[in-house]
There are 2 protein chains.
Amino acid sequence: MTALTIHEAATTTGWSPRMLRYVEQLGLVEAPRSAAGYRLYGPAQLQRLRTLRALLDEHGLELGDVGFALRLRREPALAGALDDWFDETPAPPRTTGSPGAPVPDADWLAFEQAKHQQLLDR
Amino acid sequence: MTALTIHEAATTTGWSPRMLRYVEQLGLVEAPRSAAGYRLYGPAQLQRLRTLRALLDEHGLELGDVGFALRLRREPALAGALDDWFDETPAPPRTTGSPGAPVPDADWLAFEQAKHQQLLDR
DNA sequence: GCCGCCCTGACAGAGCGCTGTCAAGGTCGG
DNA sequence: CCGACCTTGACAGCGCTCTGTCAGGGCGGC
């Protein structure tokens, strides 16, 4: 099938083989493996690599930045902690019933949903 | 009122004066200024500095990471581009009416709202 | 008026991220 | 079977981030 080796994928996407392994190590584009362990780059992976490059160029990002964004998606607790910190400043948002207790943590999903709902209600 | 100089704020929060200026430069904690330009740290800023330290320690973050998270909040286009890239992989999401055109960009907010709505609908 | 703190700007060094390159060994196609 | 490719692991250098420190000048309280 249409599956390229790492060297072929590198030349067609503009990355270097070394960088393709690094990108995979960051968890950004993981190529399936052959029985012998060779990385196999299919159309999906190639597309992903090209759009990744465009993303970096367009917004002046680095791979580490995208890696951090990935971490935000994999660790919702981290994303929630950041949300809380950024929302902390303006005013005591505890206008709803529950007082200032640090969120029972079981209600965390509902808490985040409420926050997203606020985003939608505008 | 209760407003500390940068040196006092540093000793009570555990940061160094240098780092307080750096944190401000990153846009994370900005202290109001006196008429002469002195930074004035009130309770709000002190609280923010302490919780910032806790945030870093708890999740093993660096200041630059939080700075990047701030950038994500200030540049919704960047956040949207990352969302799109991460959502790109699983399946062709163009199941709704509009074909593969790169989103008319005026509908961008609605597009993101729809995506958030999917998050809420679970 | 003086001494101590504040400001900005700059330089410096430690550390880390990114990228290339090499080594030792396995796999594949002619 | 041989040459070209792949694997992982390691090391090296460039550049950037982070943090401290210093210089030159202003502000403030005793």
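Note that this is a predicted model, so its numbers are computed, not measured. Below, chain A is the first sequence line, B the second, and so on; all start at residue 1.
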Connected via hydrophobic side-chain network under 4.5 Å: B:L40 and B:V29: no
Separation of B:R53 CZ from B:L63 CG (nearest 0.5 Å): 9.0 Å
Interatomic distance where CD belongs to B:E24 and P belongs to D:dT19 [whole Å]: 16 Å
B:E62 CD: over 12 foreign heavy atoms closer than 6.0 Å: no
Rounded distance in Å - CD (B:Q25) to C1' (C:dC7): 14 Å
Whole-Å gap separating P (C:dG20) and CD1 (A:I6): 12 Å
Closest heavy-atom pair and its distance - B:L72, B:A79: O-CB, 3.8 Å
Closest non-hydrogen atom pair, B:G60 against A:R71: O-NH1, 4.1 Å
N/O donor-acceptor pair under 3.5 Å between A:E8 side chain and A:T5 backbone: yes
Proximal nucleotide (of D:dG20, C:dT19, C:dC7) relative to the A:M19 side chain: C:dT19
Interatomic distance where CG belongs to B:L20 and P belongs to C:dC7 [whole Å]: 10 Å
Proximity to DNA chain C (any heavy atom under 4.0 Å), residues of residues 8-17 of chain B only: none
Within residues 54-73 of chain A, residues whose heavy atoms come under 4.0 Å of DNA chain C: A:L63, A:G64
Rounded distance in Å - CZ (A:R33) to P (C:dT27): 14 Å
Length of the line joining A:Y38:OH and D:dC5:P, which is rounded to integer Å: 11 Å
Working for salt bridge (Lys or Arg N to Asp or Glu O under 4.0 Å), residues B:E24 and B:R33: CA-CA 12 Å; B:E24 178 172 302; B:R33 303 297 189 104; 2.9 Å; yes
Connected via hydrophobic side-chain network under 4.5 Å: A:L20 and A:Y38: no
Atom-to-atom span, CZ of A:R39 to C1' of C:dT27 - whole angstrom: 15 Å
Distance in angstrom units between B:H7 NE2 and D:dG20 P, rounded: 12 Å
Contact under 4.0 Å: A:T5 side-chain N or O vs D:dC5 OP1/OP2: no
Comparing A:A36 and A:R18 on DNA chain D - which has the more 5′ nearest nucleotide: A:A36
Minimal non-hydrogen separation, A:V66 against B:F86, with atom names: O-CZ, 3.7 Å
